[in-house]
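Every chain is numbered from 1 and lettered A, B, ... according to where its sequence line falls, protein lines coming before strand lines.
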Amino acid sequence: MERELSEILRVRREKLQKLIDKGINPFPYRYSRTHLSSEIIADFENLSESGQTVKVAGRIISWRGHGKTVFAHLQDGSGKIQVYIRKDDLGEEQFEMFGLFETGDIIGVEGTVFRTRMGEVTIKISGFALLAKSLKPLPEKWHGLKDKEIRYRRRYLDLIANPDVLDTFITRAKIIKKMRDFLDDRGFLEVETPAMQVLYGGANARPFVTHLKALDLDLYLRIADELYLKRLIVGGMEKVYEISKDFRNEGMDRNHNPEFTMLEFYWAYADYRDLMNLVEEMIFSVVTSVLDSDEITYDDNLISMKPPYGRITFADAARKYIGTDITGLGEKKLIDLAREKGLDTDGVTGRGAALDLLSSELVEPKLVQPTFLIDYPIELSPLAKIHREDPGLTERFELFINGLEFGNGFSELTDPDDQRRRFESQARSRLMGDEEAHPIDEDFILALEHGMPPAAGYGLGVDRLVMLLTGNSSIRDVILFPIMKPENPGKGAESSDG
RNA sequence: GGGGGUGUAGCUCAGUGGUAGAGCAUCUGCCUUUUAAGCAGGUGGUCGAAGGUUCAAUCCCUUCCACCCUCACCA
């Protein structure tokens with residue numbers, strides 16, 4: 001332990017030791033506070049008039065010593081408040097001990113409230129306690145912490161230094177709570193289904209694989225909750241939902257983190273039209289409860305979140321935004337069309353993939369105001385029921401806002417024989433090299449064979465909704481601990497080589 | 001995976017082929033309503049890592065690592 005500490009760290013250690021020498025426990029057990037900082041500021045008039053003693057606790061985030069007085073700011077979970085200590089009030093010994101505190105330390109103070117000449121609500125300290133000594137310096141007070149790598153890796157510093165970050169995650173919590181309340185109020189039951197699955201499904205994506213030693217069994221981390229939730233619909237749970245982490249072993253960018261939060265819900269005896277009404281009602285209720293507004297400005301687009309949202313069929317959207325009726329076109333013509341529009345068609349095989357390419361490149365980016373794109377070609381929707389009016393289509397919608405997908409829903413396929421055919425078609429795509437096509441899930445088909453009521457189901461990427469409602473352009477800014485590569489592969493990983 | 005960028009003090013950032021600077025933080029002194037407190041004086045750096053070129057590298061070259069942006073693939 002002969003490692004040399006820089007002065008900045010050495011001094012903190014020395015102050016710690018001095019406090020210990022004075023008989024102070026630098027890491028005590030509890031502190032009874034009477035107020036949060038925000039409560040004192042809100043209730044200033046009463047508190048200052050009555051002259052009552054308040055107790056607050058928090059981290060020292062700034063410090064201004066003036067000889068025989070000190071001004072500092074304490075930050076707690078509700079905000080920050082200024083505190084003021086005078087040597088005359090506390091006496092030499094206490095004042096000197098207070099001087100061993102510094103930015104980063106967590107302390108409790110008690111005192112009366114007043115306003116400084118500059119008008120700031122301040123606590124005049126009559127007593128204090130050290131609650132945790134900080135041995136590392138805080139990021140700089142004025143510029144904050146900008147380095148994204150440190151912000152993501154050591155989110156606690158980000159939270160201390162950048163107050164907006166806390167706001168984002170408070171909003172995130174509100175959004176999820178509101179979705180829960182909305183569904184609970186309508187009789188949906190929250191359930192938990194396996195995150196580790198023998199067979200994955202419910203979306204087109206490459207899964208993570210893990211291994212269960214006890215059974216010597218490879219398991220997949222779920223890519224979607226869908227197939228389990230539908231088993232519950234078979235079992236008579238008529239309205240179910242789950243908010244959970246899903247895992248997809250694919251690329252990462254500002255819209256994608258390998259683990260992300262998904263809301264899925266399933267509603268027996270309803271179809272996709274009922275579902276769209278419910279979805280727009282839910283989104284609207286979340287937006288207005290979180291924002292106090294039904295409009296959002298994002299990427300310089302003014303978006304009205306007020307229902308009803310636009311509804312346009314896949315075919316009409318193609319006519320409108322691509323200028324071609326794609327209804328009857330086969331794979332070849334679709335790929336030609338894509339090329340003609342300047343799209344990269346490398347690796348695109350199958351009619352479904354061609355349609356998907358055209359839609360995601362030429363249609364979806366145009367859907368800025370909330371819009372349901374409906375009636376998808378059957379090739380794109382292996383779990384959706386065939387359209388009641390057109391066997392080439394499915395009763396499926398995706399919701400787009402600002403050109404991004406905000407969920408996917410459909411009248412659920414309940415015919416076990418049809419489901420088998422769809423799986424088999426997916427299996428063929430798989431053989432053709434589509435790694436993301438569904439594997440055949442016999443166990444799920446077995447469930448359907450017992451009879452599943454008509455139902456509609458919806459899945460929503462929660463992180464993206466949080467991005468939209470907090471104005472963040474990267475998913476990493478709405479996930480507390482986004483995936484990062486190890487910082488120093490040689491340092492942390494390699495231990496004693498024994 | 002391709003392309004571009006970044007990495008220098010705890011934080012925010014300058015900078016140069018001759019082993020380095022500012023502001024904040026920190027330390028010492030003065031200061032009893034300050035608030036980006038002030039004034040004066042200090043401390044603090046294997047300049048991301050490893051090689052190479054050179055009398056000499058933080059700077060030039062090579063490789064590697066991490067992060068950001070972007071394209072591709074996807075959700």
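At a threshold of 4.0 angstrom between heavy atoms, the contacts of A/Gly144 are confined to the sugar-phosphate backbone, with no base atom among them. Contact annotation for A/Lys80: no contact, since no heavy-atom pair falls under 4.0 Å across all strands. Within the nucleic acid shown, A/Ile150 comes within 4.0 Å of sugar-phosphate atoms alone, with no base atom in reach, counting heavy atoms only. Contact annotation for A/Arg12: no contact, since no heavy-atom pair falls under 4.0 Å across all strands. Using a 4.0 Å heavy-atom distance criterion, A/Lys485 is classed as a sugar-phosphate-only contact. Contacts of A/Met262 with the nucleic acid, taken as non-hydrogen atoms under 4.0 Å apart, are absent. Among the atoms of the strands shown, base atoms are found under 4.0 Å from some heavy atom of A/Glu140. Using a 4.0 Å heavy-atom cutoff across all strands shown, A/Asp253 reaches at least one base atom of the nucleic acid. If you check every strand for non-hydrogen atoms under 4.0 Å, A/Arg206 touches nothing. Residue contacts shown for A/Asp463 are absent, as no nucleic acid heavy atom lies under 4.0 Å away. Residue-level contact check: A/Arg476 touches the backbone only, with heavy atoms under 4.0 Å from sugar-phosphate atoms and none from bases.
Aromatic ring centroids of A/Phe98 and A/Phe128 lie under 6.0 Å apart. Annotation: A/Phe71 is in aromatic contact with A/Tyr84 [ring centroid separation under 6.0 Å]. The aromatic ring centroids of A/Phe372 and A/Phe397 lie less than 6.0 Å from each other. Here the two rings, on A/Tyr220 and A/Phe247, have centers that are 6.0 Å apart or farther.
Computed from coordinates, the A/Glu405 CD to B/C73 C1' distance equals 16 Å when rounded to whole Å. Rounded to whole Å, the distance from NZ on A/Lys146 to C1' on B/G7 is 16 Å. We find that CG of A/Asn257 is positioned 17 Å from C1' of B/C73, with the value rounded to whole Å. Between the C1' atom of B/C11 and the NE2 atom of A/His143 lies a distance of 9 Å, rounded to the nearest Å. For the pair A/Ile85 CD1 and B/C31 P, the computed distance is 17 Å after rounding to whole Å. Remark: P of B/A25 and CD of A/Glu102 are 13 Å apart, rounded to the nearest angstrom. The separation between A/Trp63 atom CH2 and B/G38 atom C1' is 18 Å, rounded to whole Å. The OH-C1' distance, from A/Tyr376 to B/A75, rounds to 12 Å in whole Å.
Between the side chains of A/Ser359 and A/Glu364, a donor-acceptor pair is found at a separation under 3.5 Å.
Of the candidate nucleotides B/U34, B/A36, B/A66, B/A36 has the atom lying nearest to any side-chain atom of A/Trp142. When the nucleotides B/U32, B/G10, B/C68 are ranked by their closest atom to the side chain of A/Thr69, B/U32 comes out on top.
Nearest-nucleotide mapping onto RNA chain B: of A/Thr103 and A/Ala203, the residue sitting toward the 5' end is A/Thr103. Of the two residues contacting RNA chain B, namely A/Asp147 and A/Phe114, the nearest-nucleotide position lying further toward the 5' end is that of A/Asp147.
Looking at A/His256, its side chain comes within 3.5 Å of the base of B/C74 through a donor and an acceptor atom. Remark: the A/Thr116 side chain and the B/U35 base include a donor-acceptor N/O pair separated by less than 3.5 Å. In the interface, the side chain of A/Arg64 is paired with the base of B/U34 through a donor and an acceptor atom under 3.5 Å apart.
Between A/Phe169 and A/Leu480 the shortest side-chain heavy-atom distance falls below 4.5 Å.
Under the Watson-Crick or G-U wobble criterion, with both distances below 3.5 Å, B/U54 is left unpaired in every strand shown. Checking B/U6 for Watson-Crick or G-U wobble geometry (two distances, each under 3.5 Å) identifies B/A66 as its partner.
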